[in-house]
Student: 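Dumping the structure here so I can ask a few things about it.
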Amino acid sequence: MTNKRPKRKKLIFYLSLSGLLSIMIFFIEWVGSKESGSLALFADAGHIFADIFAHLISLFALLVASKKPNAKYPFGFHRFEVIAAFLNGLLLIAISVFILYESYMRYYGNADVEAETMLVYSLIGFGINLISAGLLVGVSKTSLNLKSAYLHVLSDLLGTLAVIFGALLIRFTGIKQVDSILSILLGLFILKTSYGIVKESIQILIEADTSEFDKEHLLAHTKVLDGIHSVPKITVRKLTSGVFSVEIQVAVKENANRDRITFEIHKVLKEEFGVPFVSVEIISAAILQKLDSLTIRESEREFGHHGHEHGHAHDHKGKHSHHHAHH
């Protein structure tokens, strides 16, 4: 279950190309909405404007996330991708609410829609959108950030397809309200896709347990090692799609080779599971109960510290003294 992420340069290239295509579609559909008087086409253009902004956020996140971990940021910058996806989702929600409001207002008005012009511009937009979706479909499975960019493009694609059908309906039935109904459907579709992105991003940011990581598989690998008594705790943090950090607590028998166990766990997590951040705690089986009996002292948050001062000072002879002060 090795998790190989595509090279970042490839992702950046695909995302940039897709972004440029989105800019083209935006201008085509914006001009088309002016020419035809179609709100559905305008809604699609508005959605694509958000799509351009989303591409910029995603691109920025990809560049920042490639920076190496350091002392201040020990897990690197992968969460920037998640924050980008979260912002993309929020932006989509705002766009969908705007489209729904405009559609409702327009439904009761007397909108004049030129079906032929609407059809021509939506067909051009659809063709370019199809290329953009094709670029991102493969890489979208590797990153939540790219998944959100792909969902933007996919919802544009389906939106534009709806506009094409709408233009044909208006052309053959003459019912102008079709344009507003389509805009409402488009707005609801955007709302649904964006909710999923926001929800998943929040789950990662608050470090909810992830079902994506196969803990049972890891447990099976660990329990077969010589000298293992039990595996009391496995904590998995999802940093972004496909990138995890794992903390594992292992209780060992009296004569166990601790170094070998530590090495084997690191090896399996890094080489087989593709986990870059591994922490292994090895304890004797006898200490397990003692650890469980420890209580956590409440922190004094309102005072901005934890009620524990840890100081170093020099006495008058220049010797180094060390003291703790507990409140």
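As the structure is a computational prediction, the values presented were derived from the model and not from experiment.
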Student: Honestly curious: do Y101 and Y195 fall in one hydrophobic cluster under the side-chain, below-4.5 Å linking rule?
Tutor: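 Different hydrophobic clusters.
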
Student: Please check if any side-chain donor atom of S18 sits under 3.5 Å from a side-chain acceptor atom of S132, or the reverse.
Tutor: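 Looking only at side-chain atoms, S132 and S18 do form a donor-acceptor pair, the distance falling under 3.5 Å.
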
Student: I'd like to check F77 versus N70 (side-chain heavy atoms, cut-off strictly below 4.5 Å). Are they in contact?
Tutor: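 Yes, side chains in contact.
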
Student: Is the F277 to F244 ring centre distance short of 6.0 Å?
Tutor: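 No, the ring centres sit 6.0 Å or more apart.
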
Student: Taking the side chain as C-beta and beyond, is there a heavy-atom pair between K233 and I248 under 4.5 Å?
Tutor: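 K233 does not reach I248 side chain to side chain.
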
Student: Could you tell me the separation between the CG atom of L239 and the CG atom of L205, rounded to the nearest 0.5 Å?
Tutor: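 It comes to 11.0 Å.
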
Student: Judged by modelled atom types alone, do H221 and E272 share a side-chain donor-acceptor pair under 3.5 Å?
Tutor: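 There is such a pair (donor and acceptor under 3.5 Å, judged by atom type) between the side chains of H221 and E272.
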
Student: Is the shortest heavy-atom distance from the side chain of E29 to the side chain of T160 under 4.5 Å?
Tutor: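 Yes. Closest side-chain heavy atoms under 4.5 Å.
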
Student: Can you label the angle between the W30 ring and the F26 ring as parallel, tilted or perpendicular, going by 30° and 60°?
Tutor: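 Because their plane-to-plane angle is under 30°, the rings of W30 and F26 count as parallel.
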
Student: Taking atom CG as the centre, does D226 end up with more than 12 heavy-atom neighbours from other residues, nucleotides or ligands that are less than 6.0 angstrom away?
Tutor: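 For D226, atom CG is not crowded (no more than 12 foreign heavy atoms under 6.0 Å).
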
Student: Quick one: does V246's side chain get under 4.5 Å of F213's, heavy atoms only?
Tutor: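 The answer is yes; the side chains approach within 4.5 Å.
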
Student: Less than 4.5 Å apart, side chain to side chain, heavy atoms only: is that true for L41 and S36?
Tutor: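 Contact flag for L41/S36 side chains = yes.
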
Student: So, are E207 and R79 salt-bridged, with charged N and O less than 4.0 Å apart?
Tutor: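 R79 and E207: salt-bridged.
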
Student: Hey, what else clusters with L288 if you join Ile, Leu, Val, Met, Phe, Trp, Tyr whenever side-chain heavy atoms sit under 4.5 Å?
Tutor: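 Answer for L288: I283, I287, L291, L294.
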
Student: Mind checking whether I28 and V31 sit in one hydrophobic cluster, side chains of I, L, V, M, F, W, Y counted as touching below 4.5 Å?
Tutor: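 As far as the 4.5 Å side-chain criterion goes, V31 and I28 are connected within one cluster.
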
Student: How close do V198 and L90 get, counting heavy atoms only, and between which atoms?
Tutor: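 Smallest interatomic distance, heavy atoms only, reads CG2-N, 3.8 Å.
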
Student: In Å, rounded to the nearest 0.5 Å, how long is the span from CD of E35 to CD of E116?
Tutor: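 Result: 13.0 Å between the selected atoms.
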
Student: Could you check whether any side-chain heavy atom of I282 comes within less than 4.5 Å of a side-chain heavy atom of V280, counting everything from C-beta outward?
Tutor: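 I282 reaches V280 side chain to side chain.
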
Student: Between F263 and I228, is there a shared hydrophobic cluster once you connect ILVMFWY residues whose side-chain heavy atoms come closer than 4.5 Å?
Tutor: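 Hydrophobic grouping puts F263 apart from I228.
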
Student: Would you mind reporting whether V252 and N257 have side-chain heavy atoms less than 4.5 Å apart?
Tutor: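 A side-chain contact under 4.5 Å is absent here.
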
Student: For the CD1 atom of I265 and the OG1 atom of T222, what is their distance to the nearest 0.5 Å?
Tutor: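 Result: 5.0 Å between the selected atoms.
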
Student: Tell me which donor-acceptor pairs under 3.5 Å the side chains of residues 182-192 have, and how far apart each pair is, sequence neighbours excluded?
Tutor:
{"residue": "S183", "atom": "OG", "partner": "A40", "partner atom": "N", "Å": "3.4"}
{"residue": "S183", "atom": "OG", "partner": "D179", "partner atom": "O", "Å": "2.8"}

Student: Any salt bridge between K238 and E200, counting N to O under 4.0 Å?
Tutor: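 Here K238 pairs with E200 in a salt bridge, since their nearest N and O are under 4.0 Å apart.
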
Student: Group every Ile, Leu, Val, Met, Phe, Trp and Tyr by side-chain heavy-atom contacts under 4.5 Å, then state whether Y104 and L100 land in the same group.
Tutor: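 Not linked; separate clusters.
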
Student: Please evaluate residues S284 and E254 with respect to the criterion side-chain contact (heavy atoms from CB on, under 4.5 Å), reporting the C-alpha separation (whole Å), side-chain torsions for both, the decisive distance (0.1 Å), and the verdict.
Tutor: CA-CA 7 Å; S284 64; E254 218 171 296; over 6 Å; no

Student: Side-chain heavy atoms nearer than 4.5 Å, only ILVMFWY residues, links allowed to pass through others: does that put L151 and V153 together?
Tutor: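 Yes, it is one cluster - the side chains of L151 and V153 are joined through contacts under 4.5 Å.
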
Student: Can you find a heavy atom in the side chain of M24 that is under 4.5 Å from one in the side chain of I48?
Tutor: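 M24 does not reach I48 side chain to side chain.
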
Student: Under 6.0 Å from the ring centre and within 45 degrees of the ring axis: does the NZ or CZ of K10 meet both conditions for the six-membered ring of Y14?
Tutor: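 The answer is yes; both the distance and angle limits are met.
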
